[in-house]
Amino acid sequence: MTMIDFSLRRSPLAHRGLIARAASDAAAREAGVTLGEQPHRCQINLRGDAGDSGFLAAVEDVTGLRLPVEPNTVATVEDLSALWLGPDEWLIVGPGGREGDLTGGLRGALEGRHFAVTDVSEARTVIAISGPHARDLLAKGTSLDLHPRVFGPGRCAQSGIAKATMILHQLDANGDGADGAGADEQPTFEIYIANSFADYLWTWLERAAAEYRVAVTAG
Amino acid sequence: MTGYRVAGRGRVDPDARLRFIFDGRSYEGLHGDTLASALLANGVHFVGRSFKYHRPRGIMSAGVEEANALVGVDRGRGRYTPNTRATVLELYDGLTAESQNYWPSLRYDIGAVNDIAAPLIPAGFYYKTFKWPASFWNKVYEPVIRRSAGLGRAPTAPDADRYASRFAHCDVLIVGAGPAGLAAALTASESGARVILADENPEIGGSLLSDPAVQIDGKDAWNWLEEARATLAGRANVTLLTRTTAIGYYHQNFLGLVQRLTDHLPAAASSLPRERMWKVRAAQVVLAQGAIERPLVFDGNDRPGVMLAGAGRSFLNRYGVKVGNRVAVVTVHDSAYLAAFDLARAGAGVATIVDLRRNPRAALLAEARSLGIEVLSGWTVTATKGRARIAEIRVNPVDQNGKVGAARMIGCDALLMSGGWTPSVHLFSHSKGALDWREDLQAFVPGAPNEAVRCAGAGNGTFGLAAALAEGAAAGAATAGSAGTPTVFSVDGEAPFSGVYFRELPTDRDPTRAKAFIDFQNDVTAKDIRLAVREGFRSIEHVKRYTTNGMATDQGKTSNINGLMIAADAVGKPAPEVGLTTFRPPYTPTTFGAFVGYSRDAHFEVERKTSIDSWAEANGAVFEPVSLWRRAWYFPRSGESMHEAVARECRATRRSLGIFDASTLGKIEVVGPDAAEFMNRMYTNAWTKLAPGRCRYGLLLGEDGFIRDDGVIGRLSDERFHVTTTTGGAARVLATMEDYLQTEWPDLKVWLTSTSEQWAVIALNGPNARKVLEPLVQGIDLNGEAFPHMAVREGKICGVPTRLFRVSFTGELGFEVNVPARFGLSVWKALIEQGRPYDITPYGTETMHALRAEKGFIIVGQDTDGTVTPHDAGMSWAIGKTKPDFVGKRSLARPDMQDPKRKQLVGLLTEKPETVLEEGAQIVDGPYAAVPMPMIGHVTSSYHSETLGRSIALALIQGGHGRKGETVYVPMPGAMHKATITDTVFVDKEGAKLNV
Amino acid sequence: MFLISCPFCGPREESEFSYGHEGHIARPADPDSLSDAEWADYLFMRKNPKGWHYERWNHARGCRRWFNVARHTVTHEIRAVYKMGDPPPAIEP
Amino acid sequence: MKARYSIFSLARNALNYHQDWRQAWRSPEPKSEYDVVIVGGGGHGLATAYYLAKEHGITNVAVVEKGWLGGGNTGRNTTIVRSNYLWDESAAIYEHSLKLWEGLSQELNFNVMFSQRGIMNLAHNQHELRELHRRINAIRLNGIDSEILNVEQIKAFCPILNCSPTARHPVLGASLQRRGGTARHDAVAWGYARGADSRGVDIIQNCEVTGFRISNGRVQGIETTKGYIGAKKVACVTAGHSGVMAGLAGFRLPIESHPLQALVSEPVKPVLDTVVMSPAVHVYVSQSDKGELVLGAGIDAYNSYAQTGSPLVVEHQLNALVELFPIFSRLRVLRQWAGIVDTCPDASPIIGKMPVEGLYFNCGWGTGGFKATPGSGWVMAYTVAQDRPHPLNAPFGLERFTSGYLIDEHGAAGVAH
């Protein structure tokens, strides 16, 4: 794996100084909505035939992930997740730095099949939205129905938000057990947004959230 | 307490007194009042002037149907709102409002001469005159007409408020929280269905708010209402929205609701939006919009003090205000009696009830007698008197043959009228549901639906409280599916509810002279309607458009049906055959801002920025918008003009080294065993033989054969192409590729992935480009033989992975450094550092354009306009001659594509080297003196060439390829310029500078 | 605003889709063999029916897949949504 | 010949309270045969009838309309009239039309309220500015009035426009055609109807065409809901429904029908005395003599014959309006509606002969038909009378789609109007 000088990396929202603006944990707990950037995430776009069990198996060997074939769902194993983007398209996400070994590993394992592995880690940043008003805030920008009966933890969708296009992922409920109860009152969403739209979307979110108590979190 | 306030009545708070100002005078009202009820409590009826005749007008209703009482509300700078209906304007402390459409004052209005001139200006008079002399229309007539146009005045400052919007999804959306809507909501929400209940009023209840005496389930209406509210509020699956108007009903149960959040508050927190647009997608819809009372049509029915009977009752029971101390009533319907009785009990003297029906219900007559109210049954009203307020009515008996007897005058200070009730079918009509004519109601009611919708209550033609509750409950149960069973309600003390319907009331006077109004705001009278029909306007749409009936701000809520009945009578056909004008959104006038929501200022549209944008900004770049992007246009140093800056940037690049942010280019990875075949079919060029590691300029056409996009395409391996597109074309090209791949050639084994945002692209151009790169690049031999022009290599720069292209859009030795976007800025900075010894110069899009023009490289969309073929552009070389097919190939063979007279791209050199032609200047053959001049083409690109020290231009000229050396003329404002046609390459024709 | 059921992602709002016009117009396999009139017919001539229209939509802001829709051009009822290559369903007029 | 309209006839009729006005046109039953039957009682169809009678002496003519006169796009459009088109062919036909507009109220003895308040097209970026110059230069050399305004001149001409350089789409320049403006749409239909009727043309409303009778390649007449009507020649001028008519006649057209939405605000005292159009932000607006702001925007993307559109389009056009005129934000939408326009691949009309002998079509005006009403009717009358196109409409034949000689006016169309 090639050495990359991470100190040179700069997220599309770096100029907003979000870390410096981050609220205290207490303030964040009180907030109606929290917003934060999670800047450097490994993102691999994977194309292939979901009907080809060999393809699915090969991907599982490399990533440990059983690619989700149910639309709008996410498979997660430890720090890797696979988001369903389409009938033959997934986004494999994980901690920054995994790009090299994942792309290499996948290309090796899929040799001879009709597939495409494309590193798009640099194409989008991630904005995390949490809190009791998270759904209300998102509803201002997206026409997706985010009601717990319809969406909920472990689901994802590509859609529009305000005048941008996003990938939305609702995380599994943290701390409140797998029943998702916590996710109902305090859901956490992640928006994958293209770099060049990130500044627009961030300022839009802050403005739309103004009528709730909003706090910035450090990623 | 003012003279007209009735203690102990209404839902207003007698202890919460509010001051407000109307037309400069200070008044007192109560919390819970509307401006209208507060004015009436102060004895003020005369509140405005009508649109055409400027007649004095009073409050005629208690709701959204108000046509007269429109006021301007002033909440300070950037917060002036005209044309607000006083009847729905909630009172707050300090409210400041003014009446409209008069000069100099409401009471003494010059425009009132129109009322005297009325005989000269009947419906449509303006079509018949103002034609001579022709020049007078624009200079004299129209300016005068425009001076009298409009109602309120427009705001003069930008809106200081903010607006919100959101999407919402539900199982059942219920519009209207009157008895029917509440019954539907209570039932539907029992089963846990997601229910949204919306009502335009500040509180739920609808007609119950004006009918406190009636009993539901053994409770007084208002107690039952409070319990219903509590029940609904207690259900997590119910969203209760008051002050929320359903404005439009669109396809597949998509409805727009506008919620008013702050207009009722004296002052609101700045974080609070003024209004919120709810965009609701509902599985099922229940419409319970209720009904609107009809005015009666008689001479002088518009005088201040004349109002709908139901309104009189609402003002009393809901707001604790009696509309007069000596009230008269004229009616064809039972419901008006209720207003009379309630007013009498409240101590307002009720003079008389004039009932055109010969035999009203005995029960009503009995109660009237017990309250000491005189009932004239079988009588009519033929005139009213009084200036700023009604003082007398003229009444006459009508015998069974319709003969009108001798008149008698009755004094009064208010006249309540009821012409019966019209179901509100507006939203149902928006949804394209069919409307059925109900002869008994003389009204349209919902028929066959076009969406998943049910109607209930008065809005469905189902009158009476018990019936409305039952129908609402049934609708609620049905929408909730099998889960729901209709709640059953018992009702006591329900009033009778029946009536007949009239057009103009019978009169003993000449009806052709009567001013019997139908559309109060637009001053349309019964005789205007008859005139329109007489002149051949026999369709209701023609009548409406000719007379403007129903086109005022109330959109015909009180006038459409009366207009239709009179038109039908004049045409001599049943009403449904004459038709009903379609109801159109919005249900009530809706603030522009509510539609706009957050899309203002910076958020009106996305502004895309590259990873290097912040450096450009910090270094004084001037930006230009390019599609959604903002791009550095040029980098002026202090005191430099644009021309000087661009000249310097050009010089530096040609002589040493320029650096340019090309990150906005679109990038697509085309991957798979059939990648080359796919490229062969999409682009004009041949790709099979392109070796991995090499690049080629690609040209993309539409099927019509015209140039759509272009870009350099690198082959990374046998099965992987790195395609670049124009900045504006990025999304379009990928979509087009996916279209062909998925719909025409699904057999091809190819995947397409956008990498536009993955890569930052830094273009280095100039003789010293290689020198600067060499020390920073690892794993790539930059030597000319190892890395020739039009090649691509993968390696590292500054330790960062790169796709390094050796390409040139300037004609100089050039490289395009693709690095992962997050490293774009730091690599850019590193190159700037490394380039200092060579005076590395950042340049913007203007210099890029000028340099490429010197080389005759086209810019799609500037040198082409969607009508240019590759041959026209002099790029036949880009067409793979041996290929059987590619997108657009067949169209190139059409006769007009072969025409030698087609406009072709050429170079132009002006006779005077300092003359820079205007881009978009037209080209002619001769130095014509006069227009029209036959045009043979136009200038597409034009610059001062710093390299040549003179101007250059590219142009599309008829048969241009065959006219090199010929002279043409370019007429520009103030001058006719002479120019010579040349080829398109002005600098380094043999391309020597590239091969180093 | 339509509610369109993407065959892959499920029901989504019209704003996520882009319109692809009349469907089932296959690109000629050998365009060179067509007369100018036949080519113009393929390029430009359309049924433009008042009634059921078999048309293409692209889930542009979603999975980027193209698919077919049978929609009524007066009532806007969407009767069928089906994948590229599938035959148009028969609908009585 | 019926009584002329004038201030004097108004005064005379006022004396007896307007009881004696004669009907503006008759409502006759159809004859068994006509020399020419015109399908479509909109502005273009009625103008065709009027000029057939007036210019070519052909008066044995019927206009059949399935609904009420002017009930289609004539009565639904935003009434903009201009001739500032890029290509010579377009400029010629629209300018011919504009010249007819300038005398139309007198010609028809019916005030169509043609108001030459000027049309201002805004440019918001370098590309638009370049295209603007190209268009204006071409228009000028074609002898048509047009001028370029810089930002200062724009501010002076329309002070309430947001000309801030920091706007998301800053105003960089504009073109102005002072002779352009608006007219009263209904009056155009009514004026032509009255004029045609007085020359003997039968105007037959509520008469829907259900088919064409065609034998050996020549049209014989039309089947209608009022029975068969014979015709030596049939002219279809049916705007949004041209595709349907072509289907009945057995051929297809390069046309799609789309909804075009418009809206008006509540009336306010005059603040906007010109027509402002902005292709980049997608809106155009004027203020009517009643005080209402009249707005339009682009078409809905999909085929439709339902006169409704997506609220998204309305939302976008109001976003654009408030961006250009921030003071309008608190005004209110009074009424929104849609018409059905037939769009051509090159955004230019089709006027001429069809594959069937004796059958003529005038369609494909897309979003720009109203302004062309007089000129369109004038050339259509010539084409029908002479059985060959007038030089003004010769370039707009169906053949161009085969030969490739398209007259691409997408740029000129900019936003729909």
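In the text below, chain A, chain B and the rest are named by the order of the sequence lines, each starting its count at 1.
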Acceptor/donor pairs from residues 148-162 of chain A side chains to any protein atom, 3.5 angstrom cut, sequence neighbours excluded:
{"unit_1": "A/Arg149", "atom_1": "NH2", "unit_2": "B/Gly192", "atom_2": "O", "d": "3.0"}
{"unit_1": "A/Gln158", "atom_1": "NE2", "unit_2": "A/Leu85", "atom_2": "O", "d": "2.7"}
{"unit_1": "A/Gln158", "atom_1": "NE2", "unit_2": "C/Gly62", "atom_2": "O", "d": "3.0"}
{"unit_1": "A/Ser159", "atom_1": "OG", "unit_2": "C/Glu16", "atom_2": "OE2", "d": "2.6"}

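In this structure, the portion of A/Val117 lying under 4.5 Å from any heavy atom of chain B is its backbone and not its side chain. For a residue to count as touching a neighbouring chain, one of its non-hydrogen atoms must lie under 4.5 Å from one of that chain's; by this rule B/Trp759 does not touch chain A. Heavy atoms of A/Thr142 lying under 4.5 Å from chain B belong exclusively to its backbone. Within the 4.5 angstrom heavy-atom criterion, only side-chain atoms of A/Thr118, from C-beta onward, approach chain B. Heavy atoms of A/Asp199 lying under 4.5 Å from chain B belong exclusively to its side chain. Within the 4.5 angstrom heavy-atom criterion, only side-chain atoms of B/Arg162, from C-beta onward, approach chain A. Neither the backbone nor the side chain of A/Leu137 comes within less than 4.5 Å of any heavy atom of chain B. For A/Asn45, the part lying under 4.5 angstrom from a heavy atom of chain B is the side chain only.
Of the residues considered (A/Lys163, A/His15, A/Gln43), A/Lys163 shows the highest number of contacts with chain B, using heavy-atom pairs under 4.5 Å. Note: A/His114 leads A/His147, A/His114, A/Glu89 in heavy-atom pairs under 4.5 Å with chain B. Among the candidates A/Val120, A/Asp136, A/Asn195, the residue making the largest number of heavy-atom pairs closer than 4.5 Å to chain B is A/Asn195. When the candidates A/Ala194, A/Ala164, A/Ala198 are compared by the number of heavy-atom contacts under 4.5 Å with chain B, A/Ala194 comes out ahead. Listed options A/Gly141, A/Ala116, A/Ser11, A/Ala210 were ranked by heavy-atom pairs under 4.5 angstrom with chain B; first place goes to A/Ala116.
Residue A/Glu122 forms a salt bridge (charged side-chain N to carboxylate O under 4.0 Å, His left out) with just one option from A/Arg9, A/Arg10, A/Arg41, and that option is A/Arg9.
The residues B/Glu719 and A/Arg107 are annotated as not salt-bridged, no charged nitrogen and carboxylate oxygen being separated by less than 4.0 angstrom. Between B/Arg631 and B/Asp661 there is no salt bridge, since none of the side-chain N atoms of the basic residue sits less than 4.0 Å from a carboxylate O of the acidic one.
In this structure A/Thr103 satisfies the side-chain hydrogen bond (donor to acceptor under 3.5 Å, both in side chains) test with no other residue, sequence neighbours excluded.
Aromatic rings of A/Phe189 and A/His169 (six-membered ring for Trp) have centroids beyond the 6.0 Å cut-off, not under it.
Figure legend: B/Arg281 and B/Phe254 shown without cation-pi pairing, the cationic atom not lying both under 6.0 angstrom from the six-membered ring centre and within 45 degrees of its axis.
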Next item on the list: Evaluate the side-chain contact (heavy atoms from CB on, under 4.5 Å) criterion for residues A/Glu30 and A/Arg213: first the C-alpha distance (whole Å), next the side-chain angles of each, then the deciding distance (0.1 Å), finally the verdict.
Entry: CA-CA 8 Å; A/Glu30 291 304 302; A/Arg213 214 157 347 118; 3.6 Å; yes
